[in-house]
Amino acid sequence: MSHSHTIKHNKPGSRQVHHNREKFNPYRHKDENDKIHISVLETMTSLCCKRCCDIIQWKVDFGKYQHLERPRRCNGCSEKTVAISYHHICQECAKKAIVCAKCQKPPKFEGMAADGAKRPQEEASDSESSDDEDEDEVGAEPKKPLSESLLKYVFVDEPISDEEFAAYRGLDARRLVQYKRKVQAMIEKEKRSNLRERERRTVLRKLKKAEGADAGAEVMDFDSDEEM
Ligand SMILES: [Zn+2]
Ligand SMILES: [Zn+2]
C-alpha cells in the first residue's frame with residue numbers, strides 16, 4: 001500500500017493512515033478450538049426474532065458469545081431443555097407457541113408494511129432498555145448492530161417459502177424448514193429403495209420364471225428326443 005494519503009494537505013496523518021484490510025475478527029488470535037463452530041452459528045438463532053438474531057450475532061462478532069455448559073430451565077415447560085445460549089425457552093415451546101425463543105414475543109411484522117407502521121429496525125431502537133436481566137447477558141448490547149448483521153437476518157422478516165411455516169414469519173425458521181426437507185428426503189429415499197427392492201424382486205421372479213421355462217424347454221426337448 002502506498003503512503004501517498006498521509007502527506008496530502010502537507011499534514012501527515014490528516015487522513016486515516018491505517019485501514020483494516022479485513023473485518024475485525026475477535027477469534028483471529030485464538031485457538032482453533034475457541035472459534036465458534038459452524039454448527040453453532042447455524043443453530044444459535046433458531047426461532048428467534050430478527051432483533052434477537054442481531055443481538056446474538058453481535059455477541060459472535062465481538063467475541064462475547066458464550067456457550068451453555070449445561071441445558072437451562074425453559075421458561076415455557078420448566079424442564080431443562082434450553083440447549084442454545086441466550087435462549088429463554090426451548091425449541092419445542094417456541095415452536096408450539098410461535099414466539100421468539102429469546103425474548104418470547106410473538107413475531108411482529110404483520111400489517112407493518114401495509115399500514116406504514118414502524119419498521120422492525122426503528123422498533124428495535126425504540127426498545128433499547130433491554131428486557132433481558134439475565135446473568136449471562138455479559139457486556140453491553142448493541143445500540144446499533146453492524147450493518148452486516150442487519151443484512152444477515154433480513155430474511156427473518158420475509159415470507160417463508162414453505163406454507164406450512166407461514167405463521168413463523170418474523171422468526172428464524174430455517175431449522176424447521178430444513179428438518180422437514182430432511183424428513184421428506186428420507187421418506188423419498190425410502191420409497192425409492194422400496195421401489196428398487198420391488199423392481200429387483202420382480203426382475204428376479206421373471207428371471208426365475210424364464211430359467212424355469214428354459215429348463216422346462218430343455219426337459220421337453222430331452223423328452224421329445226427320447227420319444228423319437
Ligand atoms: Zn420448553
Ligand atoms: Zn426476540
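Residue numbers count from 1 along this sequence. Computed from a predicted structure; not experimentally measured. Each ligand, and each atom within it, is numbered from 1 in the order the structure gives.
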Parallel, tilted or perpendicular: ring planes of Tyr153 versus Phe155, cut at 30 and 60 degrees: tilted
Please determine if Glu199 and Arg196 form a salt bridge, counting it only when a charged side-chain N lies under 4.0 Å from a carboxylate O. no
Would you say the side-chain atoms of Tyr86 pair up with the backbone N or O of Gln66, donor to acceptor, closer than 3.5 Å? yes
Quick one: does Gln57's side chain have a donor or acceptor within less than 3.5 Å of a partner on Lys152's backbone? no
Partners of Arg200 by side-chain hydrogen bond (donor to acceptor under 3.5 Å, both in side chains), sequence neighbours excluded? Glu197
Donor-acceptor pairs under 3.5 Å, side chain of residues 164-176 to any protein atom, not counting sequence neighbours: which ones?
{"from": "Glu164", "atom 1": "OE1", "to": "Lys180", "atom 2": "NZ", "distance (Å)": "2.8"}
{"from": "Tyr168", "atom 1": "OH", "to": "Lys95", "atom 2": "O", "distance (Å)": "2.6"}
{"from": "Arg169", "atom 1": "NE", "to": "Asp157", "atom 2": "O", "distance (Å)": "2.9"}
{"from": "Arg169", "atom 1": "NH2", "to": "Asp157", "atom 2": "O", "distance (Å)": "3.4"}
{"from": "Asp172", "atom 1": "OD1", "to": "Arg174", "atom 2": "N", "distance (Å)": "3.2"}
{"from": "Asp172", "atom 1": "OD1", "to": "Arg174", "atom 2": "NE", "distance (Å)": "2.9"}
{"from": "Asp172", "atom 1": "OD2", "to": "Thr45", "atom 2": "OG1", "distance (Å)": "2.6"}
{"from": "Asp172", "atom 1": "OD2", "to": "Arg174", "atom 2": "NE", "distance (Å)": "3.4"}
{"from": "Asp172", "atom 1": "OD2", "to": "Arg174", "atom 2": "NH2", "distance (Å)": "2.8"}
{"from": "Arg174", "atom 1": "NH2", "to": "Thr45", "atom 2": "OG1", "distance (Å)": "3.3"}

Under 2.8 Å from the Zn ion (ligand 1), how many protein N, O or S atoms can be found? 4
At a cut-off of 2.8 Å, what protein N/O/S atoms sit near the Zn ion (ligand 2)? Cys49 SG, Cys52 SG, Cys100 SG, Cys103 SG
Roughly how far, to the nearest 0.5 Å, is the NE2 atom of His88 from the SG atom of Cys52? 8.5 Å
Exceeds 12 heavy-atom contacts within 6.0 angstrom, atom CD of Gln184: yes
Among Ile84, Thr81, Leu47, the one residue meeting side chain to side chain contact (heavy atoms under 4.5 Å, CB included) with Cys90: Thr81
